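In what follows, chains are A, B, ... by sequence order, proteins preceding strands, each numbered from 1. Please read these numbers as outputs of a predicted model, since none were measured by experiment.
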Amino acid sequence: MVRSVSVDLNNDASLVIDIPDALCERDKVKFTIHIKTTLSSFQKSEFSVPRQHEDFIWLHDTIVETEEYAGLIIPPAPPKPDFEGPREKMHKLGEGESSMTKEEYAKMKQELEAEYLAVFKKTVQVHEVFLQRLSSHPMFRKDRNFQIFLEYDQDLTVRRKNAKEMFGGFFKNMVKSADEVLISGVKEVDEFFEQEKIFLLDYSSKIKDATAKAEKMTRSHKNVADDYNHISGAMNSIAADNNTAFKKHLEKCAEVFEKLRKLEDRVASDQELKLTELLRYYTRDIQAAKDLLYRRARALADYENSNKTLDKARLKGKDIAQAEENQKQCLRKFDKLSESGKKELTSFKARRVVAFRKNLIEMTELEIKHAKNSMSLLQGSIEILNSN
Amino acid sequence: MRSTGSYAHQRCVACAQNISNQKLVQGILDSIPSPEAACLSAEDISPSSNGPRDDDPDDLFAEATEEVSLDSPERQPILSDGPSPAITPVTPVMISPRVDVFDRSPDQDEDEEENRDTFDIQISVSDPEKVGDGMNAYMVYKVTTKTSLSIFSRDEVCVKRRFSDFLGLYSKLASKYMHMGYIVPPAPEKSIVGMTKVKVGKEDLSSVEFVEKRRSALERYLLRTVKHPALLKDPDVLQFLESSELPRAVSTQALSGAGILRMVNKAADAVNKMTIKMNESDAWFEEKQQQFENLDVQLRKLHASVESLVCHRKELSVNTASFAKSAAMLGNSEDHTALSRALSQLAEVEEKIDQLHQDQSYADFYLISELLGDYVRLITAVKGVFDQRMKAWAKWQDAQVMLQRKREAEAKLQYANKPDKLQQATDEIREWEGKVQQGERDFEQISKNIRREVGRFEKDRVKDFRVVIIKYLESLVHTQQQLIKYWEAFLPEAKAIA
């Protein structure tokens, strides 16, 4: 099942990854990673391994810290699974069980399951895409730690602790807000990067805003669904007191509202999955692209500094060879970042366009489907109510 | 039988942007066949409204009178005297008669009771106009009655009425009929906050909505009132609908509908506290009273849920509009041409959808929420009528007690040899015997009336609900149809991204 928010990243059969299952155990979510590969670097051709969210973060961090990948867009880390909402509901359900009727309890349980499912889908999707980005990238797929992540048949917890001590979060400790100042401050000679810089800085704020507005819109849909739920309940309690044919009528109405609630819920969660999650993901991805620009800007700054150092050395007549070597290295690094950066940013645009296309189409098709279902539900109900 | 076909229903609408909403509302309201429309007065949802609340149990009149300084008769000469104050129409925009959005339900009058065979009257409240300005200003509404009934002097009458006129009508009807057990539909609530904004001249969306809400509520109030066979023939009602000038009630101040009910109910409570608890010999009454108590609670709950829906639907509309703008900005920023275009089109779709949500919220409100509000208040009137019966019973019992006392007094006088006093005592016995008989007759009459009224009420309630729920579901169908249309138009745009 193709669930990725991004383009179908599994089109290279030599390494195919998906997450068919996930378990929520108390505070931890355990993802089952399923791998199919023809690469000889792997011991088996098909296998599965359980991983926690923290393992993903470890993998992401080691990749970020790797100097070699400075010229690449590092796939953004998946956000922590947030089962807080359903968990709260489950708590309420447990507490209120004695005071609820059997129907109310069953209904709440159903809602709860639906909510769990929605969160589950979201988090699986985003963790899956992370791995698929790595597997479909010519350099990342060869990463040693990536292979360990996929193949190591034991718990990665020990490794994770060691890694934290080793790296100490070098890149992460840099003040991120310095990014934009540094990037915009760079005097850009290269037209391509100049355009990219302008584009990314502007797009970044727009997509953040769009994400926030989409979230609010989705929340409103959920509120409307909630209201349908209460209306249905209220109608049922009025129906309970009526002993006439009217009672059946009211019960039917209550049923209609209950079904409307389910549909509205589906509209909300599908919209979230296809639209809001898409925007959220690309907000993070745009940030990763900006990080690349940042690293390149730093490299340029380093190169410019190395030039100044070389000039000074020549003036003083001291350490010239060292300064020359340093300058050569800086230039080499900068050129490498520029070259790979260009490639990455170009393919990033292509990827983004494909992903938007795919998700907008899927979202639209789902909206149409739900609207048609709503309509037939409503028209059927009108017919029944009219004939009573 | 005149058909309830559409007729020119011209109303001033305040904001051009509201026109589509108004049209929807108009269509909905037009298509509710007026003889069958549930005629109840609306409860003003604004927080300052004078709902039946028990915050000052001792002061009977505490909440019954408001805006006294603005509405008091001393300041308002009868319309025929003095110069007419400046009239400011709310806006110049008129809605031309249009095709209803919804199909009309077929006439449901065929299977009616005999006293409705000749029921044919249509009332509309329209053209709100502001008269005067500043804090002395008030709104005047045009009340148009179209009928073939003979009690009316003309086929079609237009009069101008202000809000306090409606309250005055209700107070007269309540004082005349409530003690007989008739369920008199309560008039809409006053709202100081809402009206102040209008007086002060704010023509923003909320004042416009307030005026429309009130106009609609006044219309429903009148329709419900004339639907009552006894009230329809009442001279005050006829005068209200037909008379070009309505004398302001000079001696009484305009009381709000709920104010009167509270007054009445409080009086009944006071009486009840003094007398023995009524021995209900009639199980029907006991059962019904309990039913109405339950229904009161449940309806309020349902109403609250629907109000919440209205609110959230409005939020959804606002948030969708906000997202649309954001998507448009994103589209502008996007450097890939095809994707940029698709995002702009997505923004357009979302903008249309936000309008759709707003229209739906109007339907949520006017079709269901206001109707429920009307019924919540009507149930209070029903409970008031049960209390009136208790009062009648108490009066009868008191008369019996008094009669007994008089008899005992007479018996005593028999031995006292005071012929004058004896005669007086005998006379008094006769008087009280008469009162006991009257008390019993009144009690039986009110009981009979209530049975009939409750039967009518329940029938109307069921019918109203059935009609309205269908209309509402149809409004939802309409929304879904539009959604399908918009998204189907967008789909090729999304697919065209290359």
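- Ranked by heavy-atom pairs under 4.5 Å with chain A, the first of B:Lys495, B:Glu315, B:His357 is B:Lys495.
- In this structure the side chain of A:Lys372 never reaches within 4.5 angstrom of the side chain of B:Gln480, judged on heavy atoms.
- Only the side chain of A:Leu260 comes within contact range of chain B, judged by heavy atoms closer than 4.5 Å.
- Looking at A:Leu275, the atoms closer than 4.5 Å to chain B (heavy atoms on both sides) all sit in the side chain, from C-beta outward.
- Atom OG of B:Ser308 and atom CG of A:Asn223 lie 7.5 Å apart (nearest 0.5 Å).
- Using a cutoff of 4.0 Å between basic side-chain nitrogens and carboxylate oxygens, B:Lys325 and A:Asp209 are not scored as salt-bridged.
- The number of heavy atoms from other shown groups lying within 6.0 Å of NZ (B:Lys288) is above 12.
- Taken from CG in B:Leu309 to OH in A:Tyr228, the straight-line distance is 5.5 Å, to the nearest 0.5 Å.
- Contacts of B:Glu493 with chain A are absent, with no heavy-atom separation under 4.5 Å from either backbone or side chain.
- Among A:Arg357, A:Met235, A:His230, the residue with the largest count of heavy-atom pairs under 4.5 Å with chain B is A:Arg357.
- Per-residue heavy-atom pair counts under 4.5 Å with chain B were compared for A:Leu377, A:Asn229, A:Leu250, A:Ile382, and the maximum is reached by A:Ile382.
- When A:Ile368, A:Val256, A:Ile207, A:Asp226 are compared by the number of non-hydrogen pairs under 4.5 Å with chain B, A:Ile368 comes out ahead.
- Contact annotation: the side chain of A:Phe246 approaches that of B:Arg461 to within less than 4.5 Å [non-hydrogen atoms, C-beta and beyond].
- To the nearest 0.5 angstrom, B:Leu346 atom CG is 6.0 Å from A:Leu360 atom CG.
- Between A:Lys206 and B:Glu334, none of the side-chain N atoms (NZ, or NE/NH1/NH2) sits under 4.0 Å from a carboxylate O, so this pair counts as no salt bridge.
- With a 4.5 angstrom heavy-atom cutoff, B:Leu491 touches chain A via backbone and side-chain atoms both.
- Note that the OG atom of B:Ser333 and the CG atom of A:Asp202 stand 3.5 Å from one another [nearest 0.5 Å].
- Checked by atom type and distance alone, the side chain of B:Gln298 pairs as donor or acceptor with a backbone atom of A:Ser237 at under 3.5 Å.
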task = Apply side-chain contact (heavy atoms from CB on, under 4.5 Å) to B:Ser305 and A:Ile231, showing your working.
result = CA-CA 6 Å; B:Ser305 303; A:Ile231 290 173; 3.7 Å; yes

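- A parallel orientation is assigned to the rings of A:Phe257 and B:Tyr472, their planes being inclined by less than 30° (bins at 30° and 60°).
- Of all the heavy atoms in A:Leu385 and B:Arg466, the pair that sits closest is O-NH1, 4.3 Å.
- Between the B:Arg313 side chain and the A:Val224 main chain, no donor and acceptor come within less than 3.5 Å of each other.
- From B:Ser326, atom OG reaches atom CE of A:Met217 across 10.0 Å, with rounding to the nearest 0.5 Å.
- At a threshold of 4.0 Å, the pair B:Asp335-A:Lys349 counts as salt-bridged, since one of the basic side-chain nitrogens sits closer than that to a carboxylate oxygen.
- Chosen from B:Lys301, B:Met329, B:Lys485, the residue pairing most often with chain A at heavy-atom distances under 4.5 Å is B:Met329.
- For B:Ile469, the part lying under 4.5 angstrom from a heavy atom of chain A is the side chain only.
- Of all non-hydrogen atoms in B:Asn319 and A:Ser220, the two that sit nearest each other are ND2-OG, 2.7 Å.
- Residue B:Ile368: no heavy atom, backbone or side chain, is found under 4.5 Å from chain A.
- For the set B:Val297, B:Leu299, B:Asn332, B:Thr320, the count of heavy-atom pairs under 4.5 angstrom toward chain A peaks at B:Thr320.
- Most heavy-atom pairs under 4.5 Å with chain A, from the set B:Phe490, B:Tyr486, B:Phe465: that is B:Phe465.
- The distance from the CG atom of B:Leu316 to the CD atom of A:Glu264 is 7.0 Å, given to the nearest 0.5 Å.
- Counting heavy atoms from C-beta on, the side chains of A:Glu365 and B:Trp487 never come closer than 4.5 Å.
- Only the side chain of A:Leu279 comes within contact range of chain B, with heavy atoms under 4.5 Å apart.
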